[in-house]
Amino acid sequence: MSENLMDKVVSLCKRRGFIFQSSEIYGGLSNTWDYGPFGVELKNNLKRAWWRSSVHEREDIFGMDAAILMHPKAWEASGHVKNFFDLKSDCKSCKKRFKTADLKDKAKCPECAGLLTEARPFNLMFATHQGPVEEEGNLIYLRPETAQGMFVNFLNILDSRHPKLPFGLAQIGKAFRNEITPGNFTFRTREFEQMEIEYFTHPSNADKTLEEWIDYRFSWYLGLGMKNENLRKRPHSNDELAHYAKACTDIEYNFPFGWSELEGIANRTDFDLKQHSEVSGKDMRYFDDATKERFYPYIIEPSGGVDRSVLAFLVDAYHEEKVKDDLRVVLRLHNDLAPTKAAVLPLLRNRPEIVELAKKISGDLKKSFVCAYDDTGAIGKLYRRQDEVGTIYCVTVDVQSLEDKQVTVRDRDTMLQERISIEKLKEYLIEKLETVL
Ligand code: ATP
């Protein structure tokens with residue numbers, strides 16, 4: 001893979017309405033991105049697939065949606081106020097700021113060769129004030145991870161759902177980190193979305209449970225069509241573990257800019273529940289009826305990034321091929337992820353009966369899955385357009401359709417075409433799509 005591939009994906013995202021630079025008309029807010037019409041469908045499909053595999057298909061996990069704003073004490077308890085730092089170095093000449101860990105020469109600016117300051121800690125949490133008065137007592141943070149919203153609700157879940165160990169909580173939501181060096185398109189941004197599971201288990205089962213979750217999450221990416229050779233597991237060495245973790249393995253993707261983290265799966269031990277118990281004064285231990293044991297469960301946390309996954313799936317699905325003198329660009333997205341499942345295209349847009357029939361068919365399909373209608377070009381152009389955004393089936397209505405009540409269905413990946421009766425079309429597509437719509 002090459003940097004060139006990244007440029008192609010970024011360009012496709014803008015050209016076809018997947019991802020735009022935020023506030024572009026004002027020159028853009030750097031490293032902040034907006035999802036356009038296809039982007040939001042893809043992102044929602046990805047989140048839905050995660051929710052299905054993490055919550056709906058399991059008996060042992062409950063969904064949650066905690067607020068972004070939390071009591072400031074939660075971030076003291078979690079260790080984020082004290083420990084959520086990156087070391088930064090500033091250039092005394094050009095004033096640029098760098099993450100010290102990224103610098104080869106810790107004393108010299110990589111851009112202008114000026115002198116760098118000593119490395120200084122920089123807290124990554126965005127702070128603001130709650131209410132109209134800006135004073136110390138009103139300081140509040142935008143959450144840097146969704147996890148804490150689940151830990152602070154541990155007792156509420158025990159009291160309302162009475163689960164037995166092991167069980168988990170799952171949530172998808174925004175997180176904010178004032179990253180020193182964001183970049184690589186949507187890979188590292190200051191505002192992003194996480195999908196996190198907090199899985200509570202007896203400490204004696206934690207090591208085994210960690211391994212199980214690493215495998216479960218790895219196969220989730222494969223199940224959605226990600227290429228095996230572009231995925232790998234990378235266990236953390238002891239010196240890179242976060243302050244709360246005993247062990248962690250990253251699932252990495254082979255991005256055009258190198259192997260990089262998609263998701264981290266960590267053994268957070270009993271750190272969080274113990275800390276919240278201590279700071280809040282509430283006993284957050286779990287009581288086992290059978291053994292009469294009262295203890296802090298260990299937490300296994302698979303923590304993935306929505307935006308990073310979307311980017312990885314886009315890169316993985318991008319495909320180019322020469323067709324005669326033309327370059328065909330196809331997004332070979334998995335059926336569950338493709339923003340549009342089918343597009344209905346009239347072969348002749350100046351024939352009102354054909355247009356009317358095509359609109360009727362698409363109107364009917366829209367009730368079952370995301371279906372587009374397009375009559376703004378010649379058929380070859382319409383196919384290319386749908387291929388570029390990953391539409392799985394193109395349904396063409398032609399003159400003969402008026403007679404034989406059949407349409408042509410074209411498969412995105414094989415480009416094979418089949419005549420299907422209009423009456424059976426929806427059933428045919430649903431069966432082919434094999435997706436939970
Ligand atoms: P990194 O080492 O890349 O900074 P991290 O180890 O700090 O990531 P975690 O705290 O484990 O990340 O967060 C879990 C997941 O959240 C990451 O695997 C990633 O997918 C996503 N994530 C974290 N920070 C960002 C960010 N700045 N932009 C986009 N996604 C992010």
Side-chain angles (χ1 to χ4, degrees), residues 19 22 29-35 39 43 46-47 50 54 68 75 78-80 83-88 98-102 122-126 141-151 170-199 210 213-214 217-218 220-221 226 231-237 239-255 257-268 271-272 299-315:
I19 301 173
S22 159
L29 178 63
S30 63
N31 300 297
T32 309
W33 305 95
D34 297 337
Y35 288 81
K43 198 179 186 201
L46 181 111
K47 291 194 275 185
W50 183 89
S54 308
I68 288 173
W75 302 111
S78 69
H80 281 83
N83 296 315
F84 199 49
F85 288 103
D86 271 346
L87 288 177
K88 66 169 168 85
F98 302 94
K99 195 167 157 179
T100 311
D102 295 340
F122 176 75
N123 195 302
L124 298 175
M125 282 200 292
F126 275 97
Y141 301 101
L142 299 185
R143 66 182 178 199
E145 60 177 24
T146 68
Q148 301 301 325
M150 293 184 266
F151 302 145
Q171 114 164 321
I172 299 176
K174 290 265 184 175
F176 302 83
R177 295 182 188 177
N178 203 359
E179 300 277 4
I180 299 170
T181 45
N184 283 329
F185 197 30
T186 54
F187 178 81
R188 186 181 304 287
T189 51
R190 297 193 169 105
E191 171 181 347
F192 55 96
E193 222 168 340
Q194 289 185 312
M195 24 193 202
E196 295 197 300
I197 294 166
E198 307 303 330
Y199 198 77
L210 176 67
W213 271 107
I214 295 168
R217 292 297 308 142
F218 194 85
W220 182 77
Y221 293 98
M226 202 171 264
L231 273 178
R232 73 176 185 194
K233 300 171 188 167
R234 192 184 66 81
H236 279 208
S237 56
D239 60 352
E240 56 175 328
L241 288 174
H243 64 273
Y244 48 75
K246 179 182 161 210
C248 183
T249 290
D250 285 347
I251 296 178
E252 294 189 334
Y253 182 76
N254 189 13
F255 284 98
F257 45 83
W259 286 97
S260 310
E261 174 180 340
L262 266 187
E263 168 161 353
I265 301 145
N267 176 352
R268 291 184 78 125
F271 177 85
D272 301 276
I299 295 170
I300 305 302
E301 177 193 68
S303 171
V306 174
D307 312 86
R308 279 188 193 180
S309 280
V310 167
L311 182 59
F313 277 111
L314 280 169
V315 168

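We count ligands from 1, going down the list as the structure has it; atoms in each ligand are counted the same way.
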(message) With heavy-atom distances below 4.5 Å as the criterion, would you say the side chains of F313 and Y221 are in contact?
(response) yes
(request) Measure the distance from atom 15 (C) of ligand 1 to every protein heavy atom, then report the residue, atom name and distance (to 0.1 Å) of the closest one. (result) S303 O, 3.5 Å
(message) To the nearest 0.5 Å, what is the distance between CG on N123 and CH2 on W75?
(response) 11.0 Å
(message) Show me which atoms of ligand 1 lie under 4.0 Å from any heavy atom of E263.
(response) 18 (O)
(request) Salt-bridge test for E196 and R143: reply yes if a basic N is under 4.0 Å from a carboxylate O, no otherwise. (result) no
(request) List every atom of ligand 1 that sits less than 4.0 Å from any heavy atom of E179, numbering the atoms from 1 in the order shown and giving each element. (result) 24 (N), 26 (C), 27 (N)
(request) Quick one: look up the protein heavy atom nearest atom 19 (C) of ligand 1 and list residue, atom name and how far away it is. (result) R308 NH1, 3.4 Å
(message) Counting non-hydrogen protein atoms only, what is the nearest one to atom 28 (N) of ligand 1? Give residue, atom name and distance.
(response) T189 N, 3.0 Å
(message) Below 30° counts as parallel, above 60° as perpendicular, anything between as tilted: where do the rings of F255 and Y253 land?
(response) perpendicular
(message) Is there a polar contact between ligand 1 and L262, counting only N or O atoms under 3.5 Å apart?
(response) yes
(message) Checking Y199 now: which residues fulfil ring-ring contact (aromatic ring centres under 6.0 Å, His included) with it, not counting sequence neighbours?
(response) W213
(request) Would you check if R177 and F192 make a side-chain contact, meaning some heavy-atom pair closer than 4.5 Å? (result) yes
(message) I'd like to know if the side chain of Q171 and the backbone of T146 have a donor-acceptor N/O pair within less than 3.5 Å.
(response) yes
(request) Quick one: look up the protein heavy atom nearest atom 21 (C) of ligand 1 and list residue, atom name and how far away it is. (result) G305 CA, 3.8 Å
(request) Would you mind running through ligand 1 and noting each atom that sits below 4.0 Å from a heavy atom of F187? (result) 28 (N), 29 (C), 30 (N)
(request) Give the residue and atom name of whichever protein heavy atom lies nearest to atom 22 (N) of ligand 1, and the separation in Å to one decimal. (result) F192 CE1, 3.5 Å
(message) I'd like to check D307 versus Y35 (side-chain heavy atoms, cut-off strictly below 4.5 Å). Are they in contact?
(response) yes
(message) Checking the N or O distance criterion of under 3.5 Å, is ligand 1 in contact with T186?
(response) no
(request) Run down the list M195, E145, E261 and name the one with the heavy atom closest to atom 11 (O) of ligand 1. (result) E261
(request) For atom 13 (O) of ligand 1, grab the closest protein heavy atom and report residue, atom and distance to one decimal in Å. (result) Q194 NE2, 3.3 Å
(request) Using a strict 4.0 Å cut-off to heavy atoms of R188, name the atoms of ligand 1 that fall inside it. (result) 1 (P), 3 (O), 4 (O), 27 (N), 28 (N)
(request) Out of R177, E193, R190, indicate the one that has the non-hydrogen atom closest to atom 12 (O) of ligand 1. (result) R177
